[in-house]
Amino acid sequence: MNGESRRWDNKDSRRSSKKQKLMRNAEEELESKFGFDLFTEGDKRLGWLLTLSSSSLDDEETGRVYSCVDLYFVSQDGSAFKSKYKFRPYFYAATKEKMEMDVEGYLRRRYESQIVDIEIVKKEDLDLKNHLSGLHKSYLKISFATVQQLMDVKKDLLHVVERNQAKSDAAEAYESILTGKREQRAHDFLDCIIDLREYDVPYHVRFAIDNDIRCGQWYDVIVSSTGVMLEKRTDLLQRAEVHVCAFDIETTKLPLKFPDADYDLIMMISYMVDGQGYLITNRECVGEDIEDLEYTPKPEYEGYFKVTNVKNEVELLKLWFAHMREVKPGIYVTYNGDYFDWPFLESRAAYHGFKMSDEVGFSCDKNQGECRAKFACHLDCFAWVKRDSYLPQGSQGLKAVTKTKLGYDPLEVNPEDMVRFAKEKPQMMASYSVSDAVATYYLYMTYVHPFIFSLATIIPMSPDEVLRKGSGTLCEMLLMVQAYMANVICPNKHQSDQEKFHKSHLLESETYIGGHVECLESGVFRSDLPTSFKLDPSAYELLIKNLDRDLQYAIRVEGKMDLDSISNYDEVKNAIMEKLVLLRAEPVREECPLIYHLDVAAMYPNIILTNRLQPPSIVTDEICTACDFNRPGKTCLRKLEWVWRGEIFTAKKSDYYHLKKQIESEFVDGTDGQLSKSFLDLSKIDQQSKLKERLKKYCQKAYKRVLDKPVTEVREAGICMRENSFYVDTVRSFRDRRYEYKGLNKVWKGKLSEAKASGNSIKIQEAHDMVVLL
DNA sequence: AATAGAGCCTAC
DNA sequence: TAAGGTAGGCTCTATT
């Protein structure tokens, strides 16, 4: 036992705290085994942030617990360290006008043991009427020592706010009369809290946004008595050389069944660490000892494998765990390891009495379908293939991905033959096993690693999350960063109306008519095979008539040139005219077609930007009326037409209310097979879905159809051109960033071919690295 | 036999 | 719990 833990043991503290310290100690011991010693004193260190996770720490002097973020760094020499960054979680609360101070005082008393601080801050609130005049809204920024305390108070206040909002909805007509009075009773201060904001921002995301800290970036890390300080090193662009381990297991299985960790065995585990291959075979399943082998499908994808043959599965597991502690990977890479390899390893380890989390720090979350550790990343390439590779669902297996992305044909074995081959053709099964590790490793190194760690430098999350989250969540994170920088308060999640009607019918769903695809003609066309054309002469007539107008538009608007600066206008015009006249004269033709591929680059971002489209820009008359800029002849309101489409139930509103009354007095089956309970005891959402079910049955019976034909309606939206631009700014900066990197990439590709021509290997490597980076 | 609807997958 | 959107083709099943 080391000195540190002895000191803790001697300290006389409360039971729960002592228990926590022992646990913390175990965690730190394990992380130390993987190279992440806590950096607590000494000179500043340079580190590349690999990953982060929320955590807590005990203050030895006060005996209190604080939430903090654990930061895991990799140094330039390949070693690693960890640091704990104390940060107070918080959320915002809005009060009735001029009640901020009273509510603050009240909350401080009511949650004395939980709230550390309350600050009254002014935020840009895009929901606030007339906010463009410079009006800000006051919010109480309520801070806590721990996330748990935040959650407790939030839960309490959410109920309060929900109640208050319901009350204010009901009494909206009288509100102006009531706010005149100032009452002092404690209960009334609670009534004054009307909204909570940003309470569901994950703690580590909050931390990364507020301190501008991202994974995949270099920092000078300074530790002092006041805490940890990070200084971003924007001069360092290249990623750190972190140890990467890609692995893959082969297991036994019953014929025509999927492997089952309850009784199937691991036959082999093959893995590559920083380009060196290893294979461990389980001789219970493998027919003979395997010698070291090579599998190099392409010169740039080398694979030399050191082989160890062990007598059984438990030896295989022990050896692999021990080897991982020796090489200390910062990143583990799999192909579908979230669902298969890791859970299987965990189950087999448990079967032999090992806890995988104690051995290598990883544990599987069945609900999430993820396998994660605190200090190391698990980057499952399958997640990248699904979200970012643009491969169709039928081509997302490792074999297909290897073909399209790595450009070679991988070894393939029918799963039904694997168990037999391990006994009868062990050499062949060994080659097959390592081939999957090779494919996974190089897929990761060429595509996933550069992509995920570039994305991580702008998205305030750990690499594991950056890899697995949906694109919507990633966009939301970027917007939250932008909102923080613009001092804009984030809106709460939108909740759509549960009970909307259209002309006395309940709406099943409503949406807008989106863009659609038109197919002018289908078939197979080649530029050297004549095709028959049937042209419309009147269309050519129109083109001829508008030729001057169109040419001049192209020159003035698109080309941004003066008409006088064109010297051969008539020459070009006549040449076009001649062709158009010929086409008009002979509309039925047999000709070799010219084949064009027309594409609109970044179309949606550009539509958003040219029209300044963003949620808070969609305004109503009511909003404009309250706005200071609403003057006669204003140019800040742009009107756009759109088409609304709704699907309505065949039943009438009266039928619906009838059914509703009926069901409210009934007992229904619980959602999870529980005993039946009163309809009114169900949650609002469950109630609505039960009621809809009932309505559908009724419609089917009475009207022979559930839904009517979809209804469409042309509607008009007002778009405010003056609205705070932080949404469109986010879109623009993202588009421009892409343009910038695309441009730079072109430059470096040019340098790469120059370097290749000159034969300078250092320059080739440099250019190659830059191309991959960009 | 015709039709509606669900489910899956893809294009953008 | 976490979750981009709509349009639209194809297959299969249930219903009329």
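Residue numbers start from 1 in every chain, and the chains themselves are labelled A, B, ... in the order their sequence lines are given, proteins ahead of strands.
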When you get a sec, tell me which of C/dT1, B/dC9, C/dT6 is the closest nucleotide to the side chain of A/T511? C/dT6
A/Q393 side-chain N/O to B/dT10 phosphate OP1/OP2 under 4.0 Å: yes
Row check, A/F501 ring normal vs A/K653 NZ/CZ: under 6.0 Å, within 45°: yes
Expressed as a whole number of angstroms, how long is the span from A/R387:CZ to B/dC9:C1'? 20 Å
What parts of residues 460-478 of chain A reach DNA chain B, counting only heavy atoms under 4.0 Å away? none
Between CD1 of A/I513 and C1' of B/dC12 the distance, given in whole Å, is 17 Å
Between C/dA3, C/dT1, C/dA7, which nucleotide gets closest to the side-chain atoms of A/R645? C/dA7
A/D708 CG - B/dG5 P separation (whole Å): 11 Å
Rounded to whole angstrom units, what separation is found between the CD atom of A/E647 and the C1' atom of B/dA4? 12 Å
Would A/E412 and A/K403 pass as an ion pair if we require N to O under 4.0 Å? yes
Value in whole Å for how far the C1' atom of B/dC12 lies from CD1 of A/I607: 11 Å
Look at the aromatic rings of A/Y90 and A/Y92 and report parallel, tilted or perpendicular, splitting at 30° and 60°. perpendicular
Taking atom C1' of C/dG5 as reference, at what distance in whole Å does atom CH2 of A/W642 sit? 14 Å
Please tabulate, for side-chain N and O atoms in residues 640-647 of chain A, each donor-acceptor pair with protein atoms closer than 3.5 Å (sequence neighbours left out).
unit_1: A/W644; atom_1: NE1; unit_2: A/E510; atom_2: OE1; d: 2.7
unit_1: A/E647; atom_1: OE1; unit_2: A/S509; atom_2: OG; d: 3.3

With a 6.0 Å cut-off on the ring centroids, do A/Y332 and A/F362 count as close? yes
Please state how far atom OH in A/Y390 lies from atom P in B/dC9, giving the value in whole angstrom units. 19 Å
Whole angstrom is fine here: how far is it from CD in A/E370 over to P in C/dA3? 9 Å
With a 3.5 Å cut-off and sequence neighbours excluded, list the donor-acceptor pairs that the side chains of residues 144-156 of chain A form with protein atoms.
unit_1: A/T146; atom_1: OG1; unit_2: A/Q149; atom_2: N; d: 3.1
unit_1: A/T146; atom_1: OG1; unit_2: A/Q149; atom_2: OE1; d: 3.4
unit_1: A/Q148; atom_1: NE2; unit_2: A/D152; atom_2: OD1; d: 3.1
unit_1: A/Q149; atom_1: OE1; unit_2: A/A145; atom_2: N; d: 3.3
unit_1: A/Q149; atom_1: OE1; unit_2: A/T146; atom_2: N; d: 3.2
unit_1: A/D156; atom_1: OD2; unit_2: A/R110; atom_2: NH2; d: 3.1
unit_1: A/D156; atom_1: OD2; unit_2: A/Y111; atom_2: OH; d: 2.5

What I want to find out is whether A/E499 reaches A/K660 closely enough, with some N-O distance under 4.0 Å, to be called a salt bridge. yes
Please tell me which of the listed nucleotides, C/dA3, C/dG5, B/dC9, lies nearest to the side chain of A/Y512? C/dG5
